[in-house]
Amino acid sequence: MPKVVPSQIVSAIDGMFGASRSEVDAGAVTYVYRAEVHALLGLLDQVPSELVDLATMDYLEYSRCRAVLATSLALWNVGDTRPARDVGGKDAVERIRRLMMRCHDELPPPEPELPFIADIDVRFGIEDRIRAAWTDFKAREWMGATVFAGAALEALLLWALKQVTLTNTSKRPLDQLHLADLISLATSNGVIDAATEQQASLAKDARNLVHPGRALRSGEACNKATALAALAAVYRLIDQLRKLVVSP
């Protein structure tokens with residue numbers, strides 16, 4: 001189903017009912033507009049709910065206007081000829097038009113989850129993993145959510161370790177370390193505290209369940225708990241890194 005945006009609703013109303021209409025109800029929306037009202041209600045169903053960003057009372061009025069038109073349409077379909085009733089003394093179609101004019105065709109870009117990471121490519125890459133984890137979580141794809149959250153955790157630890165001078169180093173380059181190694185190195189260098197280490201280790205264990213051998217030996221599998229454990233580790237680490245970056 002194609003997406004319809006608020007400005008298209010405004011244009012559609014102008015085209016179907018005429019432009020420069022008064023919002024004061026004069027009984028102008030009658031049964032002769034039955035097809036147009038049917039089309040308007042169908043278009044409104046296709047406007048994503050997140051784009052109807054109205055204040056509470058405005059949204060209530062918008063909902064009442066839609067209900068009035070839907071009720072009138074049902075009556076017209078069985079032979080009633082009375083015009084659509086007003087909503088607070090105002091024309092329902094024109095009120096929808098004016099309320100749609102207050103809405104935006106696009107949502108503002110989301111606030112970055114990782115504003116402390118200056119490198120845009122790195123930040124976007126990690127934020128993409130976090131979004132993917134939540135997408136899978138909402139779809140009840142526990143393995144995907146666990147894996148993506150673990151990948152985000154790994155990338156965050158790698159970024160954090162590259163921001164500090166390491167007193168304890170690894171024999172291998174940082175980019176070649178696995179999650180367990182990154183957790184250990186971050187802990188020994190004071191990048192993360194004991195509580196974050198514990199949560200990150202839980203996330204590591206959860207992600208390891210994607211390997212068939214580990215799952216068979218443990219008798220466990222990725223589930224809602226493993227996904228939440230991995231996501232909790234990500235957000236605990238984000239909170240700690242945010243404090244680390246802003247601290248003098």
Side-chain angles (χ1 to χ4, degrees), residues 3 5 48-51 53 103-139 141-210 222 224-248:
K3 182 178 79 171
V5 297
S49 58
E50 60 267 21
L51 294 181
D53 52 344
C103 300
H104 302 284
D105 286 350
E106 295 181 358
L107 291 174
E111 290 290 326
E113 290 217 62
L114 310 171
F116 51 86
I117 297 182
D119 188 311
I120 294 177
D121 290 337
V122 172
R123 188 179 81 222
F124 282 0
I126 300 174
E127 288 176 344
D128 280 346
R129 291 175 175 86
I130 296 173
R131 279 192 292 272
W134 279 119
T135 297
D136 277 0
F137 186 88
K138 291 173 184 176
E141 295 287 346
W142 309 130
M143 181 179 292
T146 303
V147 169
F148 278 120
L153 179 67
E154 190 171 306
L156 278 166
L157 286 168
L158 178 60
W159 174 84
L161 287 167
K162 290 182 176 181
Q163 308 310 305
V164 298
T165 301
L166 301 178
T167 53
N168 297 313
T169 59
S170 170
K171 295 179 180 179
R172 289 183 294 162
L174 291 177
D175 290 328
Q176 295 181 13
L177 297 182
H178 298 300
L179 180 55
D181 303 318
L182 292 170
I183 294 170
S184 176
L185 197 60
T187 303
S188 65
N189 281 278
V191 175
I192 60 175
D193 58 23
T196 303
E197 177 195 12
Q198 183 179 25
Q199 190 63 52
S201 295
L202 290 174
K204 169 185 66 69
D205 293 341
R207 197 178 73 164
N208 284 342
L209 291 175
V210 302
C222 289
K224 188 175 185 178
T226 64
L228 286 171
L231 284 163
V234 168
Y235 285 100
R236 184 172 186 90
L237 178 57
I238 288 174
D239 286 344
Q240 184 160 8
L241 293 180
R242 186 181 289 114
K243 295 173 185 176
L244 182 69
V245 171
V246 300
S247 62

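Since we're looking at a predicted model, the values are computed, not measured.
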I'd like to know if the side chain of [X] reaches the main chain of [Y], judged simply by a donor and an acceptor atom lying under 3.5 Å from each other, with no hydrogens or angles considered.
X	Y	result
Asn189	Thr167	yes
Asp205	Leu202	no
Gln163	Trp159	yes
Ser184	Ala180	no

Is there a side-chain contact between [X] and [Y], using heavy atoms and a 4.5 Å cut-off?
X	Y	answer
Thr135	Phe137	no
Asp136	Val147	no
Arg236	Gln198	no

Note to self: Evaluate Leu177 against Ser170 for side chain to side chain contact (heavy atoms under 4.5 Å, CB included), listing each step before the verdict.
What the structure shows: CA-CA 9 Å; Leu177 297 182; Ser170 170; 3.4 Å; yes
Check: Is any NZ, NE, NH1 or NH2 atom of the basic residue among Asp128 and Arg131 found under 4.0 Å from an Asp or Glu carboxylate oxygen of the other?
Finding: yes
Check: Does a side-chain N-to-carboxylate-O contact under 4.0 Å join Asp175 and Lys162?
Finding: yes
Rounded to the nearest 0.5 Å, how far does [atom2] of [Y] lie from [atom1] of [X]?
X	Y	atom1	atom2	value
Arg242	Ile117	CZ	CD1	10.5 Å
Leu153	Leu231	CG	CG	10.0 Å
Thr169	Leu161	OG1	CG	11.5 Å
His178	Ile183	NE2	CD1	12.5 Å
Lys171	Gln176	NZ	CD	14.0 Å

Might you point out which heavy atoms bring [X] and [Y] nearest each other, and give the distance in Å?
X	Y	result
Ala152	Val234	CB-CG2, 4.2 Å
Ala230	Ala149	CB-CB, 3.5 Å
Arg123	Leu114	CD-O, 2.9 Å
Ile126	Ala155	CG1-CB, 3.7 Å
Tyr235	Glu113	CE2-OE1, 3.1 Å
Ala145	Ala227	CB-CB, 3.8 Å

Notebook entry, point to check: Which one of Val191, Ile192, Thr196, Leu174 satisfies the side chain to side chain contact (heavy atoms under 4.5 Å, CB included) criterion with Leu157?
Noted result: Ile192
Item checked: For Ala229, all residues meeting side chain to side chain contact (heavy atoms under 4.5 Å, CB included), sequence neighbours excluded -> Gln199
